[in-house]
Amino acid sequence: MFKLAVFVSGRGSNLKAIVSQIKSGNLTAEVAAVVSNKGNCGAIEFAKKENISAYVVSENKEGTKKTYKELLELFKQQNINLIVLAGFLKKIPNDFVKAFQDKIINIHPALLPSFSGKGMYGINVHRAVFNSSVKVSGATVHFVDEVYDNGKIIDQICINISDVNSPEEIAEKVLKAEHELLPRVISNFVHNKIKLKNNRVYLS
Ligand code: GAR
């Protein structure tokens, strides 16, 4: 079975979308671990309810929390195939990124490379999009490298926002797109369809 580790920081609607696609048979994968920087977020509660192993990560050794080094060992032992950042709002340390090169993906709630970088997460992104008056936004899934929101883009969904009246309205539309995009990209990994060639990512 293709094994996923999903990193989360908040309510976990993207995690739920992944689990829902697995349960309905559209995604042949297993969420083997959920990792958060927060012990009591909605996503962690959901993972526990679903009997998925849940871990809280911290940069330094602290109580029952796992360090990135410990997670790295664990994921290697468990043969985790893909690490999915689904609303994880901390930067992944470089050593960890290097150890799982081309095996970590992130979902971003805008059309990268616009509206990206430090501080650009959640509603902040949608506010910036709204205030810029761009007419399209969307969701992007990209590889994670050592720089925020910088890795190669794997797939995107574009939505028309020419008529929206608030950042919240954009957020709602984009979230729907995210729930479609992220399971789709994971499924393409499961079926080994994602290829890096000529400095670009192709679907084969
Ligand atoms: C999602 O919109 C995701 O794209 C965003 O956080 C939200 C998490 O929602 N991620 C970022 O902004 C990362 N830069 P969820 O917890 O309901 O999946």
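Please read all numbers here as calculations on a predicted model, not as lab measurements. All values below come from the heavy atoms of this structure, side chains included, with hydrogens, waters and symmetry mates left out. Read the numbers this way: they start at 1 and go in the same order the structure lists the ligands and their atoms.
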Report the nearest protein non-hydrogen atom to atom 16 (O) of ligand 1: residue, atom name, distance rounded to 0.1 Å. Gly12 N, 2.8 Å
Report whether Ile80 and Val84 are members of the same hydrophobic cluster (ILVMFWY, side-chain heavy atoms less than 4.5 Å apart, transitive linking). no
Can you confirm, on distance only, whether ligand 1 has an N/O atom lying under 3.5 Å from any N/O atom belonging to Ser13? yes
Can you list the ligand 1 atoms lying under 4.0 Å from a non-hydrogen atom of Gly122? 12 (O)
If only side-chain N and O atoms count, and only distance matters, is there a donor-acceptor pair under 3.5 Å linking Lys135 with Ser133? yes
Between Arg11 and ligand 1, does any nitrogen or oxygen pair lie at a separation below 3.5 Å? yes
Would you check if Ile105 and Leu182 make a side-chain contact, meaning some heavy-atom pair closer than 4.5 Å? yes
Should Val125 be listed as contacting ligand 1, given a heavy-atom distance under 4.0 Å as the test? no
Kindly confirm or rule out an N or O of Asn106 lying under 3.5 angstrom from an N or O of ligand 1. no
With heavy atoms of Gly87 as the reference, note each atom of ligand 1 found under 4.0 Å away. 6 (O), 8 (C), 10 (N)
Indicate yes or no: at least one non-hydrogen side-chain atom of Phe46 is less than 4.5 angstrom from one of Val19. yes
Candidate list Val57, Ile107, Asn14, test side chain to side chain contact (heavy atoms under 4.5 Å, CB included), partner Phe88, passing option: Val57
Tyr68 and ring-ring contact (aromatic ring centres under 6.0 Å, His included): which single residue from Tyr55, Phe75, Phe96 fits? Phe96
Measure the distance from atom 11 (C) of ligand 1 to every protein heavy atom, then report the residue, atom name and distance (to 0.1 Å) of the closest one. Pro109 CD, 3.6 Å
Met120 heavy atoms, cut-off 4.0 Å: which ligand 1 atoms fall inside? 14 (N)
Heavy atoms only, cut-off 4.0 Å: how does Glu178 contact ligand 1, side chain, backbone, both, or neither? side chain
Are Phe189 and Ile154 side-chain neighbours, meaning at least one heavy-atom pair lies under 4.5 Å? yes
